[in-house]
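Quick note on labels: first sequence line is chain A, next is B, and so on, each numbered from 1. Since we're looking at a predicted model, the values are computed, not measured.
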There are 2 protein chains.
Amino acid sequence: MSDADIFKVLADPTRRAMLERLAGAEMTATELREGFAISQPAMSQHLAVLRGAGLISERRDGRYVNYRVEAGGMAPLHEWLARYRAFWPSRIDGLKDLLKEMDQ
Amino acid sequence: MSDADIFKVLADPTRRAMLERLAGAEMTATELREGFAISQPAMSQHLAVLRGAGLISERRDGRYVNYRVEAGGMAPLHEWLARYRAFWPSRIDGLKDLLKEMDQ
DNA sequence: ACGACTCATAAGTCTGTGCTTATGTGTTGC
DNA sequence: GCAACACATAAGCACAGACTTATGAGTCGT
């Protein structure tokens, strides 16, 4: 999977919602599926796509597979976005505060 | 066009390439088309999509239309990405340097 | 060992979308 | 006025991708 395709991966609203849930806590595919009106294979396919893009990682535990957001998976997105820094929103100030906060 | 669909808009490689060219300089649709193996209507349709997402703006000049990247158009993307700050790449340091640089 | 369970893969269907050609709308210059 | 030009819109086609059901592969508890 090419880095450039991260946009295609994130274009699907279901996958974005999955990421959001996984960002809160690591969980199994079945746990993740709760709240989604989607079949188990569809979920599995989405997980494979997210995995392929390096956005999540898996940890096998018996017959369960625990998924979690992969730190740094958004790096290609950051890099792409950095090229448009001249057009960044003025609320970039919020970002500065954020970084200051992260230092502590 | 919903903000959430910015990923769908950016998922197309042609549209991303168009943005990249427009980031360098404002130009007309015909100028922008140079170097793209694509028909004029296709280009026009892509421009409409980018315009609808608030990523570019147009300035009519007679029979020409000049397009340019709209500052702040990436804001929804920044906001979305900010929610994953816990998973940001460690090269976030580069971003810090960037912000410091922007202050000067 | 065997049934229940978790997850992945296969195969087929259907919708969305990016492309094309054809045409419409408005502008410029002779 | 009219031909050439810049761009937008319409209509139709073709492929990509997200979904389904069916099935496979591996694991757990009894």
Side-chain angles (χ1 to χ4, degrees), chain A residues 1-22 25-70 76-77, chain B residues 1-22 25-70 76-77:
Chain A
M1 165 105 39
S2 163
D3 278 353
D5 289 331
I6 191 173
F7 285 104
K8 209 169 288 183
V9 172
L10 292 174
D12 186 273
T14 299
R15 282 196 287 265
R16 286 200 305 275
M18 287 167 62
L19 268 183
E20 190 166 355
R21 262 176 73 87
L22 284 179
E26 171 174 325
M27 65 183 75
T28 68
T30 302
E31 285 172 336
L32 181 58
R33 192 155 93 87
E34 289 166 17
F36 286 96
I38 209 179
S39 68
Q40 177 269 320
M43 177 65 49
S44 184
Q45 286 158 16
H46 280 309
L47 285 167
V49 171
L50 288 169
R51 176 88 168 75
L55 288 168
I56 60 174
S57 60
E58 57 187 54
R59 183 175 53 83
R60 181 129 220 147
D61 180 26
R63 61 181 156 174
Y64 295 89
V65 179
N66 287 79
Y67 289 95
R68 63 187 169 87
V69 173
E70 176 67 20
L77 197 53
Chain B
M1 166 106 39
S2 164
D3 277 352
D5 289 330
I6 192 172
F7 284 104
K8 208 168 291 183
V9 172
L10 292 174
D12 186 90
T14 300
R15 282 196 287 266
R16 286 200 306 274
M18 286 167 63
L19 268 182
E20 190 166 354
R21 263 176 72 87
L22 284 179
E26 172 176 323
M27 65 184 75
T28 68
T30 301
E31 285 172 337
L32 181 57
R33 192 155 95 84
E34 289 165 16
F36 286 97
I38 209 180
S39 68
Q40 176 268 320
M43 177 65 49
S44 184
Q45 286 158 17
H46 280 309
L47 286 167
V49 171
L50 288 169
R51 176 87 169 75
L55 288 169
I56 61 173
S57 60
E58 57 187 53
R59 185 176 52 82
R60 181 129 220 147
D61 180 26
R63 61 183 157 174
Y64 296 90
V65 178
N66 286 79
Y67 288 95
R68 62 187 170 89
V69 174
E70 177 67 21
L77 197 54

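The separation between B:Asp12 atom CG and C:dT17 atom C1' is 9 Å, rounded to whole Å. In this structure, B:Leu47 places its CG atom 6 Å from P of D:dA8, rounding to the nearest Å. What separates CZ of B:Arg16 from P of C:dG18 is a distance of 12 Å, to the nearest Å. Atom CE in B:Met18 sits about 12 Å away from atom P in D:dC7, given to the nearest Å. For A:Met43 and D:dG17, the CE to P distance is 19 Å, given to the nearest whole Å. B:Arg59 has its CZ atom 15 Å from the C1' atom of D:dA6, to the nearest Å. Following rounding to the nearest Å, A:Lys8 (NZ) and D:dA16 (C1') show an atom-to-atom distance of 8 Å. Residue B:Asp5 contributes atom CG, which lies 16 Å from atom C1' of C:dG18 at whole-angstrom precision.
Applying the 4.0 Å criterion to OP1 and OP2 of C:dA8, one finds that A:Tyr67 has a side-chain N or O inside that range. Within the structure, a side-chain polar atom (N or O) of A:His46 is placed less than 4.0 Å from OP1 or OP2 of D:dC19.
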- Between protein and nucleotides 21-30 of chain D, map the contacts as a letter string: B base, S sugar-phosphate only, - none, heavy atoms under 4.0 Å, written 5' to 3'. BB----BS--
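Between A:Arg68 and A:Glu58, no side-chain nitrogen of the basic residue sits less than 4.0 Å from a carboxylate oxygen of the acidic one, so the salt-bridge criterion is not met.
For the pair B:Arg16 and B:Leu10, the tightest heavy-atom approach, listed with the atom from each and the gap, is NH1-O, 2.6 Å. Nearest heavy-atom pair across B:Tyr67 and B:Leu22 is O-CD2, 3.5 Å.
Under a 3.5 Å cut-off, the side chain of B:Arg60 and the backbone N or O of B:Gly62 do form a donor-acceptor pair. Judged by distance alone, the side chain of B:Asp12 and the main-chain N or O of B:Arg15 form a donor-acceptor pair under 3.5 Å. Put simply, the side chain of B:Arg21 gets close to the backbone of B:Glu31: a donor and an acceptor are under 3.5 Å apart.
The 5' end of DNA chain D is approached more closely, in terms of each residue's nearest nucleotide, by B:Ala29 than by the other of B:Ala29 and A:Ala37.
For the pair A:Ile6 and A:Leu55, the minimum side-chain heavy-atom distance is below 4.5 Å.
Here A:Arg15 lies in heavy-atom contact (under 4.0 Å) with sugar-phosphate atoms only.
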